[in-house]
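Below is one structure; the comments refer to it alone.
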Amino acid sequence: MKELVIVSGKGGTGKTSISAALAFLAPQKVLVDCDVDAANFHLISGAIIRETHEFKAGFEPRVNEKTCTHCGICTKLCRFNAITNGVITTPLNCEGCGVCAFNCPDHAINMQEKQAGHWFVSDTRLGCLIHAELGLAMENSGKLVSKVRQEAKKIAENQHLPLIITDGPPGIGCPAIAALSGASLALAVVEPSASSMHDVKRLVDLVSHFDLPLAVCINKSTLHSENTQDLISWCDHNAIPIAGQIPYSNIFHNAVQSGKTVLEMPENSEVKDSLIKLWHNLAARLDLTD
Amino acid sequence: MLISIASGKGGTGKTTLALLLATAYSNITLVDCDVEEPNCHLFLQPEWQNPSREVTITIPHVNSSLCNGCGTCSAVCLFNAFAISGKTALLFDELCHSCGGCLLACPKDAISEEQKNIGTLMIGRAAAHPGIHLVSGVLQVGTPSAVPLIKKMKQETANLTGDVLLDCPPGTSCSMVTAVKDSNFCILVTEPTPFGRHDLELAMNITRLLQIPTGVVINKSDAATGDEIIEALCESRQIPVLAKIPHSLSFARQYAAGHISDEFRTVSSSIWNQLKTERGTTK
């Protein structure tokens, strides 16, 4: 079973639109939305939630009012200014480290597992989708990303599906790290803009850290032809294959507006052809016979 | 006044708006809190003050001559940052939250603390806009949490009296909250699409939780198809739409090339005018 992870370094380059187009073209697959902070794949694929699961991660302190003597030791020891004399004053500051609980002379504080979000299994017209929603202001998004990938793997194995398509999170931090580790191929979606070109270089550092095969897809390639040329030479120079170039088009915006993939839209064969070419390239790189 | 610019998701135009607002104003500090992917400097071409500063976090150090591998540190560490190997404790420093719990718990006093570098902080003045003071941070690739670096950058502006703009990281998790927290006003940038609406709602939940006055700017505004889904959401939450930035291919082309064009100057001055009222109430 192969796993294709679509990443970008920065947001807004078209990861979800391109993931959805590839999901439309790939015949047998499981889909994963790893952008647990701002999941959108369910909107474009018409997801109907079949299973909802709670995601617990990390801990939070609970103070027993009856035994707390408000001695202030917790305040002295807490490095995050989250607790004052036995009262959790700024819960958003709490890291859940347990220093207050373990060092309370009256054993008035205990640590409880924290509800940190949900993950879902949904049916969509493009296939089975695993997605998630991180609770507000929660950390551990890396853990939730690992969780949805794990569940997708189970489903792919049970149903003998050869491919997992993962719509990755933006950035290069813990969710991106969690989405990339152990993948078969990372596809970086890059725009020919100063920002996107800057960010992809940091992404390449991260991917090489994991020793993963990487390919680039240049999205909105006609937006700035000089930058596109620079990007091509940069990829050549660094021996990074370019799996596809998608011209700039309003069709992406229109598709999102109507909740469809670009390939389900009536117009613009140029964009569609370039996406089909991208899929064939990726399928060959992943050794999938389609 | 501390004004944060956030959006729930990436690519909606946070950096664009931050630059539009900064360049329309004569004396301002812009803090690029998107330390995973900082981009403001690409447009402002700042002359960095030397030297840039290394930002560190405190992590434990195990003195293996004192450690007997009793496992107390690993038992109290709720982040699983310790493993016991034979007669000594091993630290996985990328999991450490610097809480100091292990230090307090170790019965052999075998744990001390040391500093670990997680990124760099730079300060500069924009070459073409000397009124803009830029604070930028770069997180080291492979560092899981941006929070300590963002905190450090915000501390940098704590004593300033003028207006400070924060270009926040995307999402609604800990880095975004760290950046938005304590601001006097938060501008949420969105696109008029179902994706934009979905993520805007999540971001609005955060500013409500933090009790920060909030306004919305619709970027790539498209009267024909999408604005009304955003306007309806804003109305139901009683959050004002401060401005609309029309979709413009020429602006996008200039942006791709690393320039902020003057095309939307009136939009930025209108937003500043609306912020004046807020400024009167906060300082």
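Naming: A, B, ... by sequence-line order, numbering from 1 per chain.
When heavy atoms are compared at a cutoff of 4.5 Å, H97(B) approaches chain A by way of both its backbone and its side chain. For chain A, the nearby part of D222(B) is the side chain; its heavy atoms alone come within less than 4.5 Å. Heavy atoms of A146(B) lying under 4.5 Å from chain A are absent altogether. Neither the backbone nor the side chain of T12(B) comes within contact range of chain A, judged by heavy atoms closer than 4.5 Å. Interface remark: D230(A) contributes no atoms to any contact with chain B (heavy atom separation under 4.5 Å). Of the two parts of H41(B), only the side chain, counted from C-beta on, holds a non-hydrogen atom closer than 4.5 Å to a non-hydrogen atom of chain A. For F195(B), the parts sitting under 4.5 Å from any heavy atom of chain A are the backbone and the side chain alike. Proximity to chain A (any heavy atom under 4.5 Å) is restricted, for L42(B), to the side chain, taken from C-beta onward. For D205(A), the parts lying near chain B are the backbone and the side chain together; criterion is any non-hydrogen pair under 4.5 Å.
Top candidate by heavy-atom pairs under 4.5 Å with chain A, chosen from H198(B), E36(B), H247(B), K181(B), is E36(B). Top candidate by heavy-atom pairs under 4.5 Å with chain A, chosen from E191(B), M176(B), K220(B), K9(B), is K9(B). Contacts with chain B were tallied for H253(A), E139(A), H224(A), H198(A); H198(A) has the most, counting heavy-atom pairs under 4.5 Å. Options N40(A), L136(A), V99(A), N227(A) differ in how many heavy-atom pairs under 4.5 Å they form with chain B, and the most are formed by N40(A). For the options G171(A), A101(A), S141(A), G14(A), heavy-atom pairs under 4.5 Å to chain B are most numerous at G171(A).
Looking at V190(A) and L231(A), their side chains come closer than 4.5 Å, going by heavy atoms from C-beta outward.
Residues passing the side chain to side chain donor-acceptor pair (under 3.5 Å) test with S248(B) are S250(B), E263(B), sequence neighbours excluded. Under the rule for a ring-ring contact (aromatic ring centres under 6.0 Å, His included), Y248(A) has no partner lying at least two apart in sequence or in another chain.
If you take OH on Y255(B) and CG on N39(B), they are separated by 6.0 Å, rounding to the nearest 0.5 Å. The CG atom of L202(B) sits 10.5 Å away from atom CZ of R197(B), with the distance rounded to the nearest 0.5 Å.
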**OP:** Please assess T56(B) against N117(B) for the test side chain to side chain donor-acceptor pair (under 3.5 Å), listing each intermediate value before the final yes or no.
**Re:** CA-CA 4 Å; T56(B) 59; N117(B) 190 17; over 6 Å; no
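For F55(A) and H118(A), the ring centers sit 6.0 Å or farther from each other.
With hydrogens and angles ignored, the 3.5 Å screen pairs a side-chain donor or acceptor of K154(B) with a backbone N or O of A179(B).
Put simply, the residue from L206(A), V5(A), V207(A) that forms a side chain to side chain contact (heavy atoms under 4.5 Å, CB included) with L212(A) is V207(A).
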